[in-house]
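Here the structure comes first, spelled out in structure tokens, and everything after it is commentary.
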Amino acid sequence: MRETIVAGNWKMNLNSLSIMDFIKDFPHLVEDITEVKNIIFPSSVYLYLFKEQNTILYGGQNVHFEEKGAFTAEISPGMLRDMGCKYVIIGHSERRHIFGENNDLLNKKLISVLNNNLNPIYCIGETLEERKSNKAFEVLKKQLVEGLKDIENIEKLIIAYEPVWAIGTGETATPEIAQEAHKFIRTTLNEMQSNRGENITVLYGGSVKPQNAKSLIKMQDIDGFLVGGASLVPETFAQITRIIRED
Ligand code: PGA
């Protein structure tokens, strides 16, 4: 079932004090909104702060595919579940481009988290260079085909289309560019998964803010957002959630 989701990827930002404030303030700002699901992805060292509350859904920004062992600094799917996470981001473009994570590794992570009953948000997206040389769809297809290889239990899968050139740059994809990519993603998922792509939630990410949320959410294949910078302030994040609801 496709859901309307507005997720906040906090990356390496905020601290225990500001997070406690967010946890206190944010639920009141969206308490009348039941048709949009908010999910927060804090730094893993602060997951315990979310475990102590039960209003805000949350998850990990990254995960290792093994269940345990000698993997210094890594976090297993079971550890995320132990901290009360229901979600996890897989393959964010910063993981792909700064930390060298490739489709094969991300495929292992996706298989592992789905087997562990977590909901992955699998991020895909092309660079500016790839878009300029007309390779955007080729790249997206490869990320889907290789990342989702041998995966059939896709009920919990969420996809985020995040064009790398729009992340943290202030430059958003126009609603038309985003819709074109989302439609391509859904068609590809339908081909790969015997028409089950219709049921997969596909989020847009990349400089989403209250000013552009409305025109993006109007697009047929955009089911919600993965928000970075604009998710750090409760009021702004709530504003984006509210705009979606009013559509
Ligand atoms: P941004 O980040 O909204 O700050 O562009 C989005 C993301 O990286 O998920």
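We count ligands from 1, going down the list as the structure has it; atoms in each ligand are counted the same way. When a residue number appears, it is its place in the shown sequence, counting from 1.
- Salt bridge Lys109/Glu101: present, at least one basic N to carboxylate O contact under 4.0 Å.
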Write out each pair where an N or O from ligand 1 and one from the protein are under 3.5 Å apart, with the distance.
unit_1   : atom_1 : unit_2 : atom_2 : d
ligand 1 : 2 (O)  : Lys11  : NZ     : 3.4
ligand 1 : 3 (O)  : Ser207 : N      : 3.4
ligand 1 : 3 (O)  : Gly228 : N      : 2.9
ligand 1 : 4 (O)  : Gly229 : N      : 2.9
ligand 1 : 5 (O)  : Gly168 : N      : 2.6
ligand 1 : 5 (O)  : Ser207 : N      : 2.7
ligand 1 : 8 (O)  : Lys11  : NZ     : 2.7
ligand 1 : 8 (O)  : His92  : NE2    : 2.6
ligand 1 : 9 (O)  : His92  : NE2    : 3.3
ligand 1 : 9 (O)  : Glu162 : OE1    : 3.3
ligand 1 : 9 (O)  : Glu162 : OE2    : 2.7

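- Clustering ILVMFWY residues whenever any of their side-chain heavy atoms sit less than 4.5 angstrom apart, transitively, puts Tyr48 in the very cluster that holds Leu17.
- Electrostatic pairing of Arg186 and Asp223 counts as a salt bridge here, judged by a charged N lying under 4.0 Å from a carboxylate O.
- The list of ring pair (Phe, Tyr, Trp, His ring centres under 6.0 Å) pairs with a residue in residues 19-38, not counting sequence neighbours, reads Trp10-Phe22, Phe22-Phe26, Phe26-Phe237.
- With sequence neighbours excluded, the residues that form a ring-ring contact (aromatic ring centres under 6.0 Å, His included) with Phe184 are Phe137.
- Residue pairs meeting the ring pair (Phe, Tyr, Trp, His ring centres under 6.0 Å) criterion with at least one member in residues 95-117, sequence neighbours excluded, do not occur.
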